[in-house]
Visitor: 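Encoded as structure tokens, here's the structure I'll be asking about.
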Number of protein chains: 2
Amino acid sequence: MITIKDVAKAAGVSPMTVSRVVNRTDNVNSTMRKRVLRAVEQLGYVPNLSASKLRGKKSTHWTIGLILRDVANPFSAELHRSIEKSLRDSGSLTLTASNDDDRDYARELVMTMRAHQIDGLIIAPPPGNQSYLGAAAETGLPIVIVDRPSDFEQIPSVISDNYDGMRQATRHLISYGHRRIAYLGDEASVPMTARRDGFLAGLQEATIDTTEAIIRLDQFDPIQARETAVSLLESNNPPTAFIGSRNRINVAIIQALRATKRSEEIAMVGFDDIELAAELDPGMTAVAQNPILIGQIATAILMDMLENNRVQDQSVVVSTRLIKRGSGEISRTQPLN
Amino acid sequence: MITIKDVAKAAGVSPMTVSRVVNRTDNVNSTMRKRVLRAVEQLGYVPNLSASKLRGKKSTHWTIGLILRDVANPFSAELHRSIEKSLRDSGSLTLTASNDDDRDYARELVMTMRAHQIDGLIIAPPPGNQSYLGAAAETGLPIVIVDRPSDFEQIPSVISDNYDGMRQATRHLISYGHRRIAYLGDEASVPMTARRDGFLAGLQEATIDTTEAIIRLDQFDPIQARETAVSLLESNNPPTAFIGSRNRINVAIIQALRATKRSEEIAMVGFDDIELAAELDPGMTAVAQNPILIGQIATAILMDMLENNRVQDQSVVVSTRLIKRGSGEISRTQPLN
DNA sequence: CTGTTAGCGCGTTCAA
DNA sequence: TTGAACGCGCTAACAG
């Protein structure tokens, strides 16, 4: 490894002079500067950021920890991209990992990232106790929570308006005459319970009893969800519309509708948009989140905490958007009870 | 920040003893060990990995640089996920970034990551000179190239069999009677030229002249590709089949076919699979790459270089798989010339 | 079994 | 304008 000393020796100056040249500080005699730069070039010297940081140097080239649920999930991937882009100007880099909704692993990841000396953290925490985040925040680590509400006053969060998004979806289906609406979801995390509550609120507004609808909160796995949807469709009293609570579940419902050749007559709205959703027959009506904006806001808040060394306590809610593509605009065809 | 000294003071021992306890090395008296562990717990001490590394400690908790084309692209995202998963057991973390096919930026990223003291690098390099990788490799940094061939003997690569995959796609369409096949792609990178060559080889095998087919190598942008496809469909001598050269282009072609209501009569095969491809009408026949396997192999090679301190020079080619879903099995309907 | 010494690469502080 | 000394947090090597 080429160190500052090697460069100094090659250029015939002291390490300090090299440091000054590399960091563009102070005034350095231009001949020396040239000598140093030539040596840097020749030896391929790359400064050791860890050592600088250890020595106490402040930099704006932050190392940001980014913990998402699953980097391969389209929503997470877009969020990742957005954060990366927002960070790019400052020359900051992200240490990225997926937590798979496993709280213990998330805790471990935070530890490891702290050991790696991250300057800030953006995390989509798994369900459950966020105490490990509180502890980390107390040491002065700036943290922003995304996609989940924060347990702590001192930790800001950026999150979609899950409740309102789902309520809109529900209202939309009701406006097309549907009452027997099947909701496939779970209640394992706060966003999911918010979506469930949005659905219930939509029903209540229209004075639809929860027994008239079909509410399945045990749908964790796409394959299982697909089977559930098929069996509902084949039951005595099938739904006239479906609501999917997240992107993988939406795909499952679409598969079920197609497998039973009912996609033209049974309505469907999905929470979370999917690539190609517009090219289906009919196109999938979706409640779209805005991962790009969420990422931008989260990054902006974090940068503010980092640069101004202050504690933020704001919680931002980003609204969703209902995109009508056909599947949600199928009117109820079945006779009224 | 809590350091080893703080813990030592709190536990009434020397820093060295704390180090031994934390690193589980040597034998430490069990009472002392307990005292130390209690202090660690109480103070929330997190060891500074950078400092350990600076001191020269070897660890198996590697920090791996991962430079992809675009973390939000489904192919890259799957690759990312696979690498992350393969790395997880060793407790390694990735410093991840997108290069947007910009060589200069990729060069800069490698610099920055080197400054961050990464132990190894997995990169999907942009088109153009890879000299910056050669230089980095010469300093002893283990590098594995993915999704692109390597310019250097000493840098191993893992890549899909683009040539063969595209040749299979072409043969497949030809076996359904197609001769006037429109290929929408570019030749801006080695994988793309390999796909182009695979297409040409497929034509040649069937003694189809290149003037009989439609070969567009100027399709970089999905929106532009969509327009191209529409205008081809509306021309005097339209193609009876399309080939898309990558995922975003496939979507564009599907959109064009649907917009012109020709998806049932014009065949189509896409290179790269897409979520929901099976739920289209007809389903999209695709040449699927295997990002999971590519990631596993790349990680395995890198780990071998890291752990055994040796230089690998192998190049691995991962085969593709043709998935028939309907769009590629539409026979030619137009009269023979 | 435990502590002391020294130094990894770097930059702040101060002296020249 | 330049350089020397010092110490950031940590641990290998040695001493006790």
Side-chain angles (χ1 to χ4, degrees), chain A residues 1-37 39-40 43-61 63 111-112 114-119 139-141, chain B residues 1-37 39-40 43-61 63 111-112 114-119 139-141:
Chain A
M1 181 181 199
I2 307 293
T3 77
I4 203 169
K5 280 186 192 167
D6 301 319
V7 178
K9 204 173 295 175
V13 299
S14 80
M16 201 49 233
T17 304
V18 177
S19 172
R20 284 195 258 256
V21 170
V22 170
N23 295 293
R24 322 175 200 306
T25 65
D26 293 15
N27 298 329
V28 182
N29 183 306
S30 75
T31 34
M32 292 208 131
R33 155 167 284 121
K34 272 174 201 160
R35 283 222 310 261
V36 169
L37 288 175
V40 164
L43 299 177
Y45 168 68
V46 178
N48 184 332
L49 229 74
S50 301
S52 313
K53 210 187 279 182
L54 180 59
R55 181 61 187 77
K57 196 198 173 190
K58 277 182 196 164
S59 150
T60 55
H61 298 264
T63 309
M111 276 294 246
T112 311
R114 287 218 278 158
H116 278 261
Q117 305 305 111
I118 54 170
D119 303 299
T139 70
L141 179 72
Chain B
M1 182 181 200
I2 307 292
T3 76
I4 202 169
K5 281 186 191 168
D6 301 319
V7 177
K9 203 173 295 175
V13 297
S14 79
M16 198 52 226
T17 303
V18 178
S19 173
R20 283 195 259 256
V21 170
V22 170
N23 295 291
R24 324 175 199 302
T25 65
D26 293 15
N27 297 327
V28 181
N29 181 304
S30 74
T31 35
M32 292 207 129
R33 154 166 285 122
K34 272 175 201 158
R35 282 222 311 262
V36 168
L37 288 176
V40 164
L43 299 175
Y45 168 68
V46 178
N48 184 331
L49 230 73
S50 301
S52 314
K53 211 188 278 181
L54 179 60
R55 183 61 187 75
K57 196 197 174 195
K58 277 181 197 165
S59 149
T60 54
H61 298 264
T63 309
M111 276 293 248
T112 311
R114 286 219 278 158
H116 278 261
Q117 305 305 112
I118 54 169
D119 302 299
T139 70
L141 179 72

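Since this is a predicted model, take the numbers as computed values, not measurements. Letters A, B, ... are given to chains in the order of the sequence lines, protein chains preceding strands, and every chain is numbered from 1.
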Visitor: Round to a whole Å and report the spacing from NZ of A:Lys53 to C1' of C:dG9.
Guide: 15 Å
Visitor: Between A:Asn48 (CG) and D:dC8 (P), how many Å, whole number?
Guide: 18 Å
Visitor: Could you tell me how far apart A:Leu54 (CG) and C:dC8 (C1') are, to the nearest whole angstrom?
Guide: 9 Å
Visitor: Rounded to the nearest angstrom, tell me the gap between atom CE in B:Met32 and atom C1' in C:dC1.
Guide: 9 Å
Visitor: Does the side chain of B:Arg114 come within less than 4.5 Å of B:Leu141's, by heavy atoms?
Guide: yes
Visitor: Should A:Thr17 be listed as having a side-chain N or O under 4.0 Å from OP1 or OP2 of D:dT1?
Guide: no
Visitor: Give B:Lys5 one of three labels, base, sugar-phosphate or nothing, depending on what nucleic acid heavy atoms sit under 4.0 Å from its own.
Guide: sugar-phosphate
Visitor: Take atom CD of B:Gln117 and atom P of C:dC8, then tell me their distance rounded to the nearest Å.
Guide: 15 Å
Visitor: Quick one: A:Leu49 CG to C:dG9 P, roughly how many Å, whole number?
Guide: 15 Å
Visitor: At 4.0 Å (heavy atoms only), tell me whether A:Met1 reaches a base, stays on the sugar-phosphate, or touches nothing.
Guide: nothing
Visitor: Quick check on C:dG9: is either OP1 or OP2 less than 4.0 Å from any side-chain nitrogen or oxygen of A:Ser50?
Guide: no
Visitor: How far does CD of B:Gln117 sit from CE of A:Met1, to the nearest 0.5 angstrom?
Guide: 4.0 Å
Visitor: Determine, stepwise, if the pair B:Thr3 / B:Asn48 fulfils side chain to side chain contact (heavy atoms under 4.5 Å, CB included).
Guide: CA-CA 8 Å; B:Thr3 76; B:Asn48 184 331; over 6 Å; no
Visitor: Measure the NZ-NZ distance between B:Lys9 and B:Lys5 for me, rounded to the nearest 0.5 Å.
Guide: 8.0 Å
Visitor: Heavy atoms under 4.0 Å is the rule here; annotate nucleotides 11-16 of chain D 5' to 3' with B where the base is hit, S where only the sugar-phosphate is, and - elsewhere.
Guide: BB----
Visitor: Which pair of heavy atoms, one from B:Arg33 and one from B:Val21, lies closest together, and at what distance?
Guide: CA-CG2, 4.1 Å
Visitor: To the nearest Å, give me how far apart CZ (A:Arg114) and C1' (D:dG9) are.
Guide: 16 Å
Visitor: Working to the nearest 0.5 angstrom, can you tell me the gap between B:Ile4 CD1 and B:Leu43 CG?
Guide: 12.5 Å
Visitor: Work out which heavy atom in A:Val36 is nearest to a heavy atom in A:Ala11; give both atom names and the distance.
Guide: CA-CB, 4.0 Å
